[in-house]
Amino acid sequence: MGDVSTHLPTADAQDPESHARTARLREALLTAAFTADGLLDLLGAPAYAALARSETVPALRATRGDGPLETLVRLFLLQRPVELRRARAALPVADCLADGWLVQDGDELRASVDVRPYGGAEGQDWWIVSDLGCAVGGAGGIRGAGEADRSELVLGAADRSELVLGVGGASTTLAGITVRRPVGSALDLGTGSGIQALHADRHATRVTATDLNPRALRCTALTLALSGARPADLREGSLFAPVADETYDLIVSNPPFVISPGARLTYRDGGMGGDDLCRTLVQQSAAHLNDGGYCQLLANWQHVAGEEWHDRLRSWVPRGCDAWIVQREVQDITQYAELWLRDAGDHRAGDEAYAARYDAWLDEFEARKTKAVGFGWITLRKSGSDASSITVEEWPHPVEQPLGESVVRHFDRQDYLRSTDDAALLAGRFRLADEVVQEQVGLPGAEDPEHVVLRQNRGMRRATKVDTVGAGFAGVCDGSLPAGRILDAIAQLVGEDPVLLRDRTPDSIRALVEQGFLEPVADGA
């Protein structure tokens with residue numbers, strides 16, 4: 001199809017003149033407050049939220065003025081032509097024309113790419129570069145399901161199959177769950193517009209970004225340059241092929257996980273049968289992780305007739321790795337097919353064409369005995385243990401992002417439980433995790449509650465029922481007394497044999513530790 005990079009700007013960090021032009025553009029964006037906070041202030045919450053739904057009318061109404069910020073929103077986000085005089089008041093137009101950010105048409109200028117303000121870590125102002133119509137402002141946009149949402153596209157400068165998407169719910173979810181500890185090396189596999197690489201630049205000494213689509217690598221370079229980040233090592237290719245036998249401390253991926261009959265769209269269709277692409281990525285990741293390293297990705301997986309989905313996903317986990325797999329949503333096969341048919345714009349096709357494509361999806365699912373599709377997160381940690389800890393759970397409830405530190409603590413707790421027998425558990429000390437509250441549920445006036453619930457107000461926001469002993473134990477845990485001594489005191493209060501109570505309680509303590517309600521206190525702390 002020719003050079004897909006033809007219509008993208010250039011930003012060469014190795015060329016001092018290009019680097020200076022990009023810096024001037026970035027400064028102009030900051031001066032005009034073309035930032036995430038600036039957009040919210042200008043548009044107001046309703047119009048700002050409407051942009052996330054690809055509804056542009058409220059933002060068009062809010063940008064009727066002649067100020068620099070209104071001009072930039074109309075130009076880069078709403079993708080409307082702007083008069084040359086207005087553009088000159090907001091941007092270094094000559095620089096933008098020289099590098100291809102803008103295209104001149106008589107007395108008007110148009111953007112060649114979508115540039116979306118993005119609030120980065122620790123309050124940084126970043127910008128994500130993607131193809132026109134792929135972030136906000138696309139014609140007739142739709143929302144996907146749960147954290148797998150994608151924006152419907154309009155055909156812009158590139159062949160539709162090569163288009164590069166901007167920021168969506170999936171990419172921000174992955175950014176939120178990623179472990180942000182300092183690392184030597186990070187790999188963004190399937191980088192797209194470079195959002196994950198941009199985040200990794202803040203805490204990784206070296207960042208490698210790969211993609212099958214060369215246009216995506218160009219967009220990533222633009223995202224990094226415009227946001228003032230260091231250049232990444234960009235490599236073209238599928239899955240782990242571009243990195244050969246190299247290893248990393250962190251691997252992140254928002255892969256083309258859609259389970260589809262064919263590979264029409266590079267940004268979403270993996271080109272493998274069923275959920276084989278996600279399975280392959282998980283299974284091959286261990287060979288590319290350093291000891292203690294994390295691999296974190298979003299995925300879709302099939303619910304197959306006659307198979308337990310928990311067991312199916314456990315079978316994906318490579319030896320020597322611990323895993324935490326969270327299913328956030330499930331769709332039946334008709335819902336799933338309709339979602340991605342709308343994503344591709346097929347719902348606007350003629351009835352016969354739409355029906356034929358819908359039928360092809362159902363044929364694919366029938367052949368694979370697929371009854372539903374799950375959406376979720378997969379985190380692997382290379383522990384090297386022969387007794388791997390694999391947690392597979394369904395959690396469709398709201399969580400508090402970012403969750404990176406919660407991920408670290410989850411695996412720390414698995415290490416503790418794996419290495420601690422019951423005797424050591426009872427000799428250990430615990431403290432109640434921050435922002436855990438106790439709720440008592442029962443009939444008004446009743447002497448005792450029907451049940452007691454411990455609830456987390458942070459992180460995964462879990463809730464669990466506990467009995468009287470569990471509630472009393474958790475309430476006393478402040479790190480000062482060993483668990484066994486607390487149980488002995490409770491036994492005396494409730495009139496129970498302390499030996500029997502010690503025998504039957506460790507499983508309950510382990511469950512509270514595993515779910516993050518109790519935290520082990522290290523010796524000397």
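The residues of the chain are indexed from 1 along the displayed sequence. Every value quoted in this text rests on a predicted model; they were computed, and no experiment measured them.
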Legend entry - Intermediate values then yes/no, side chain to side chain contact (heavy atoms under 4.5 Å, CB included), H203 and V183: CA-CA 6 Å; H203 63 102; V183 294; 4.1 Å; yes

Legend entry - Intermediate values then yes/no, side chain to side chain contact (heavy atoms under 4.5 Å, CB included), V399 and R461: CA-CA 6 Å; V399 299; R461 293 179 172 170; 5.7 Å; no

Inset, instruction - Check the pair Y267, N254 against side chain to side chain contact (heavy atoms under 4.5 Å, CB included), reporting the backbone distance first and the verdict last. - result: CA-CA 10 Å; Y267 74 86; N254 178 16; over 6 Å; no

Inset, instruction - Could you please spell out the steps behind the side chain to side chain contact (heavy atoms under 4.5 Å, CB included) verdict for D275 and R312? - result: CA-CA 11 Å; D275 52 19; R312 191 164 185 276; 2.6 Å; yes

Inset, instruction - Show the numbers, then the answer: is there a salt bridge (Lys or Arg N to Asp or Glu O under 4.0 Å) between R409 and D412? - result: CA-CA 5 Å; R409 289 195 292 270; D412 286 346; over 6 Å; no

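The closest donor-acceptor contact from the side chain of Q438 to the backbone of V452 lies at 3.5 Å or more, if one exists at all. Proximity of a side-chain donor or acceptor of D322 to a complementary backbone N or O of S389 within less than 3.5 Å is detected. Checking side-chain atoms of S227 against main-chain N and O of W127 turns up a donor-acceptor pair under 3.5 Å. Between the side chain of E400 and the backbone N or O of N457 there is no donor-acceptor pair closer than 3.5 Å. Side-chain atoms of Q456 come within 3.5 Å of backbone atoms of Q515 as a donor-acceptor pair (strictly under, hydrogens ignored). With S419 contributing its side chain and D415 its backbone, the two residues share a donor-acceptor pair below 3.5 Å. A donor-acceptor pair under 3.5 Å is absent between the side-chain atoms of R368 and the main chain of V304, judged by distance alone. For the pair S193 (side chain) and S130 (backbone), a donor-acceptor distance under 3.5 Å is absent. When atom types are taken as modelled, the side chain of R455 and the backbone of V436 share no donor-acceptor pair closer than 3.5 angstrom. In this structure, the side chain of R510 engages the main chain of L417 through a donor-acceptor pair within 3.5 Å.
Residues meeting the side-chain contact (heavy atoms from CB on, under 4.5 Å) test with A221, sequence neighbours left out: L234. For P396, the side-chain contact (heavy atoms from CB on, under 4.5 Å) test picks out E394, with sequence neighbours left out. Here R26 pairs with nothing under the salt bridge (charged side-chain N to carboxylate O under 4.0 Å, His left out) rule; sequence neighbours left out. Checked against salt bridge (charged side-chain N to carboxylate O under 4.0 Å, His left out), D211 has no partners two or more places apart in sequence or in another chain. Here D332 pairs with T334, Q335 under the side-chain contact (heavy atoms from CB on, under 4.5 Å) rule; sequence neighbours left out. Under the ring-ring contact (aromatic ring centres under 6.0 Å, His included) criterion, Y48 pairs with no residue at all, not counting sequence neighbours. Applying the salt bridge (charged side-chain N to carboxylate O under 4.0 Å, His left out) test to R206 and every residue at least two apart in sequence or in another chain returns nothing. Residues passing the salt bridge (charged side-chain N to carboxylate O under 4.0 Å, His left out) test with E435, sequence neighbours excluded: R458. In this view, A387 and S385, R418 satisfy the side-chain contact (heavy atoms from CB on, under 4.5 Å) rule, not counting sequence neighbours.
Screening Y416, W324, W377, Y294 for a ring-ring contact (aromatic ring centres under 6.0 Å, His included) with H410, the sole residue that qualifies is W324. A side-chain contact (heavy atoms from CB on, under 4.5 Å) with V243 is found for exactly one of D233, I251, L187, namely L187.
Looking only at side-chain heavy atoms (C-beta outward), L29 and D125 stay at 4.5 Å or farther from each other. At least one side-chain heavy atom of S285 sits under 4.5 Å from a side-chain heavy atom of F240. Residues M272 and L239 have side chains in contact (heavy-atom distance under 4.5 Å, counting atoms from C-beta outward). I378 places a side-chain heavy atom less than 4.5 Å from the side chain of W316. For the pair R314/D311, a side-chain contact is recorded, criterion being any heavy-atom separation below 4.5 Å from C-beta on. The shortest distance between side-chain heavy atoms of I195 and W126 does not fall below 4.5 Å. Using a 4.5 Å heavy-atom threshold, the side chains of Q196 and T191 count as separate.
Residues in residues 170-184 take part in these salt bridge (charged side-chain N to carboxylate O under 4.0 Å, His left out) pairs, two or more places apart or across chains: R181-E405.
The minimum heavy-atom distance between R431 and V521, with the atom names listed, is N-CG2, 3.9 Å. Between L298 and A170, the shortest heavy-atom distance links the atoms CD1-O, 3.0 Å. Among all heavy-atom pairs drawn from L501 and L487, the shortest one is CD2-O, 3.3 Å. A pairwise comparison of heavy atoms in D188 and A197 identifies OD2-N, 3.1 Å as the closest pair. Shortest non-hydrogen contact noted between T210 and L189 is OG1-CA, 3.5 Å. Nearest heavy atom pair, residue F517 against residue L432, reads O-CD1, 3.6 Å.
In this structure, CD1 on I128 lies 5.0 Å from CG on L198, to the nearest 0.5 angstrom. Atoms CG and CG, from L43 and L69 in turn, are 7.5 Å apart once rounded to the nearest 0.5 Å. K382 contributes atom NZ, which lies 11.5 Å from atom OG of S388 (distance to the nearest 0.5 angstrom). The distance from atom NE2 of H451 to atom CD of E439, rounded to the nearest 0.5 Å, is 8.5 Å. With rounding to the nearest 0.5 angstrom, the CG atom of L297 is 9.0 Å from the CD1 atom of I325. Between I490 atom CD1 and I486 atom CD1 the span is 7.0 Å, to the nearest 0.5 Å.
Using the six-membered ring where Trp is involved, H303 and W309 have ring planes that are parallel, under 30° apart on the 30 and 60° scheme. Using cut-offs of 30° and 60° for the angle between ring planes, the H199 and Y118 rings count as perpendicular.
Inspection of the S260 and D269 side chains reveals an N or O donor paired with an N or O acceptor under 3.5 Å.
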Without placing hydrogens or testing angles, list every side-chain donor-acceptor pair under 3.5 Å for residues 286-293, not counting sequence neighbours.
{"unit_1": "H288", "atom_1": "ND1", "unit_2": "E246", "atom_2": "O", "d": "2.9"}
{"unit_1": "N290", "atom_1": "OD1", "unit_2": "T247", "atom_2": "OG1", "d": "2.6"}
{"unit_1": "N290", "atom_1": "ND2", "unit_2": "D249", "atom_2": "OD1", "d": "2.9"}

Output a table of donor-acceptor pairs, distance under 3.5 Å, between side-chain atoms of residues 468-485 and any protein atom two or more places apart or on a different chain; print 'none' if there are none.
{"unit_1": "D478", "atom_1": "OD1", "unit_2": "S480", "atom_2": "N", "d": "3.0"}
{"unit_1": "D478", "atom_1": "OD1", "unit_2": "S480", "atom_2": "OG", "d": "2.5"}

